[in-house]
Amino acid sequence: MTAALVAFVRARLDEREAAAVAAGGAGEDWQAWGTGIYATSSPDDDVPPLVTTGPEVGGSDEDAARAAHIALHDPAQVLRDVEAIRSLLEQYTAPETGEGLPDGIGHRTAGTRRPAVETAVRHLARAHARHPDYRPEWRP
């Protein structure tokens, strides 16, 4: 896997992180009620703060489904996803140190590339295949 692929995925993570922080950060969990999206910032709120809403009257099942989808991508969830993917990237970029392996084997595995992690990173990058910086040779 090239350094460019890792840099590409990290740049997409930075974009997602910045958007999530701007939208409320780690303290901003959302839930859908009808066609509205509400912040669940305080369990004491009788009516939690409205983040955004669909049609006020006559909202359709499609509007409610869109609200549910938006709520699944709340800022706190996006930040958790970004953290998880960064951890995966670290599995690739930080070579094995041989911890827990006999010394003779640990020395030989210090620079081992992890094909399964590489494949996973290629799949993560493919989610951004329409981005102008995506390269076709990164396809899994």
Side-chain angles (χ1 to χ4, degrees):
M1 179 168 33
T2 67
L5 174 59
V6 172
F8 174 81
V9 173
R10 283 190 172 138
R12 303 299 70 78
L13 293 173
D14 291 347
E15 291 167 356
R16 293 183 68 206
E17 180 180 48
V21 167
E28 193 74 18
D29 291 305
W30 296 348
Q31 69 182 49
W33 288 349
T35 60
I37 310 297
Y38 295 85
T40 57
S41 55
S42 171
D44 298 331
D45 291 335
D46 289 338
V47 177
L50 179 68
V51 175
T52 188
T53 187
E56 299 264 338
V57 178
S60 68
D61 289 343
E62 184 177 282
D63 294 328
R66 286 180 177 150
H69 177 75
I70 292 167
L72 287 172
H73 299 280
D74 68 52
Q77 179 62 45
V78 169
L79 292 175
R80 288 189 295 270
D81 290 345
V82 165
E83 181 181 351
I85 294 169
R86 283 186 176 143
S87 294
L88 178 68
L89 289 176
E90 286 303 313
Q91 293 296 310
Y92 177 76
T93 59
E96 292 182 56
T97 61
E99 291 178 29
L101 297 173
D103 287 340
I105 296 173
H107 267 312
R108 293 187 186 109
T109 62
T112 301
R113 295 195 181 242
R114 300 181 179 117
V117 176
E118 179 175 340
T119 299
V121 174
R122 288 177 181 275
H123 281 285
L124 291 169
R126 192 177 75 177
H128 304 282
R130 291 187 178 192
H131 190 280
D133 295 336
Y134 181 81
R135 297 180 189 170
E137 64 266 21
W138 293 338
R139 289 187 187 276

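Starting from 1, each residue takes its place in the sequence as its number. Keep in mind that this is a model prediction, so the values were computed, not measured.
With a 4.5 Å cut-off on side-chain heavy atoms, Arg139 and Arg122 do not count as touching. Residues Glu15 and His131 meet the side-chain proximity criterion, which asks for heavy atoms closer than 4.5 Å.
There is a path of hydrophobic side-chain contacts, each under 4.5 Å, that joins Leu88 to Leu5. Leu124 and Leu79 fall into different hydrophobic clusters, where Ile, Leu, Val, Met, Phe, Trp and Tyr are joined by side-chain heavy atoms under 4.5 Å apart, directly or via other members. Val21 and Val82 are assigned to two separate hydrophobic clusters, defined by single-linkage of ILVMFWY side chains at heavy-atom distances under 4.5 Å.
Residue Ala39 comes nearest to Glu28 through the heavy atom pair CB-OE2, 3.0 Å, listed as atom of the first residue, atom of the second, then distance. Between Tyr134 and Pro136 the shortest heavy-atom distance is O-CD, 4.0 Å. Residues Gly34 and Ala67 share a closest heavy-atom pair of O-CB, 3.7 Å. Contact record, Asp29 with Ala76: OD1-CB, 3.2 Å, taken as the closest heavy-atom pair. Heavy-atom minimum distance, Thr35 versus Ala64: CG2-N, 3.8 Å. In plain terms, the two heavy atoms of Ala71 and Ala32 that are nearest each other are CB-N, 3.6 Å.
When the ring-ring contact (aromatic ring centres under 6.0 Å, His included) test is applied to His123, no partner is found at least two apart in sequence or on another chain. With sequence neighbours excluded, the residues forming a ring-ring contact (aromatic ring centres under 6.0 Å, His included) with His73 are His69, listed by chain and number. Shown here are the salt bridge (charged side-chain N to carboxylate O under 4.0 Å, His left out) partners of Asp14, two or more places apart in sequence or in another chain: Arg86.
Put simply, CD on Gln31 and CG on Asp74 are 10.0 Å apart, with the number rounded to the nearest 0.5 Å.
Within the 6.0 Å centre-distance limit, the rings of Trp138 and Phe8 are counted as a close aromatic pair.
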Under the side-chain contact (heavy atoms from CB on, under 4.5 Å) criterion, do Leu89 and Leu13 qualify, and how do the steps go?
CA-CA 11 Å; Leu89 289 176; Leu13 293 173; 3.9 Å; yes
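Electrostatic pairing of Glu83 and Arg16 does not count as a salt bridge here, judged by no charged N lying under 4.0 Å from a carboxylate O.
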